[in-house]
Amino acid sequence: MTNGNLHGMKIVTQTDKMSRWARETRKAGKTIVLVPTMGALHAGHLALFREGRRKGDVLIVSIFVNPAQFNDPSDYERYPRELETDIEKCRKEKVDVVFAPAKDGMYPAGERPERILLPDVANVLEGPSRPGHFEGVVRIVSKLFRIVEPHVAIFGLKDYQQVRVIQEMVKGQKFPVIILSCPTVRTREGLALSSRNSRLSEQGREKALLISRTLKAAQYLVSHGEKKTDVILKKLKKGLMKEEDFRIDYLRIVDAETLEEIEIITRPALLAVAAFVEGVRLIDNCILEAV
Ligand code: AMP
């Protein structure tokens, strides 16, 4: 694909062209919003785009399946890639620029990866479960920030820990960007939308509903006065134990800000879950607030 204009929307594949365009746009006094994605766009992504439209003059959506953040090579291989339909969706959402760089555009051969010091919030939950994942996330997001220099960048709370890691990274590296987050978009039944859901069978999707039902059960317990996290987790796990083709990677309640494990819910807490359904790894979360 070449750099070009499609129905008023610009498609940029080269990093230097992207930088130049963004710099000129900035100089012209326009506010730039960036929404980074890995494509296979769904309504969750589109909600971020709509928020982006409201927050600035120019909306840039990046589409790049970032190899550095996949700890499992087969997950990277099987990750859905639908650039043509993604471009069409972006056009309908009145995105101004789709930035879809090639792998060697983002990771030039021979480039020495910069040393990355991860914030503490990266060392729990997804951190130990997916070694190297957050290094890859921080690497790509900081590259995107340097190329686009957005005023605002928007991320989804479906990846709550990612939002916290990026907030800390921005603080640590003093990036002049405002980080905004959007709530998780779900199907009517409650399944959090994810590009990986396309790899589930009909039964798999049904089974995956156990995840959001577990979150709801926890919210019910907490809204009825239960504050002890071990009691809550025991009850939730009991409901999930006997399910076939469903394996929990982790199910934890942590402080919503520090992501440290807690025993009693006194401040907003995060219930985070990662589970394998039909071999597909899904994550979800919700906030628990004591009454
Ligand atoms: P991804 O393409 O999966 O890397 O996601 C790109 C952005 O969309 C990230 O900030 C995600 O947190 C966000 N996102 C993914 N799924 C959802 C969803 N169901 N609801 C809201 N945001 C989402």
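Whatever order the structure lists them in is the order used to number ligands and atoms, beginning at 1.
For the pair P183 and ligand 1, a heavy-atom separation below 4.0 Å is found. Not a single heavy atom of S181 lies less than 4.0 angstrom from ligand 1.
Heavy atoms from both the backbone and the side chain of M38 come within less than 4.0 Å of ligand 1. Residue Y79 touches ligand 1 through its side chain alone, judged by heavy-atom distances below 4.0 Å. When non-hydrogen atoms are compared, ligand 1 lies under 4.0 Å from the side chain of L48 (C-beta onward) but not from its backbone. Residue contacts with ligand 1 for A47 are absent, since no atom lies close enough (heavy atoms, distance under 4.0 Å). Within the 4.0 Å heavy-atom criterion, the part of H42 lying near ligand 1 is the side chain and not the backbone.
Within the 4.5 Å cutoff, the side chain of R139 has heavy atoms near those of the I116 side chain. Two residues are said to be in side-chain contact when any heavy atoms from C-beta on lie closer than 4.5 Å; L191 and E189 fail this criterion. Side-chain atoms of Y107 and P67, non-hydrogen and from C-beta on, do get closer than 4.5 Å to each other.
In terms of polar-atom proximity, F155 is not counted as a contact of ligand 1, lacking any N or O under 3.5 Å from an N or O of the ligand.
Partners of R252 by side chain to side chain donor-acceptor pair (under 3.5 Å), not counting sequence neighbours, listed by chain and number: E261.
The residue from I287, V254, D284 that alone fulfils the side chain to side chain contact (heavy atoms under 4.5 Å, CB included) condition with Y160 is I287.
The protein non-hydrogen atom at the shortest distance from atom 20 (N) of ligand 1 is V185 N, 2.8 Å.
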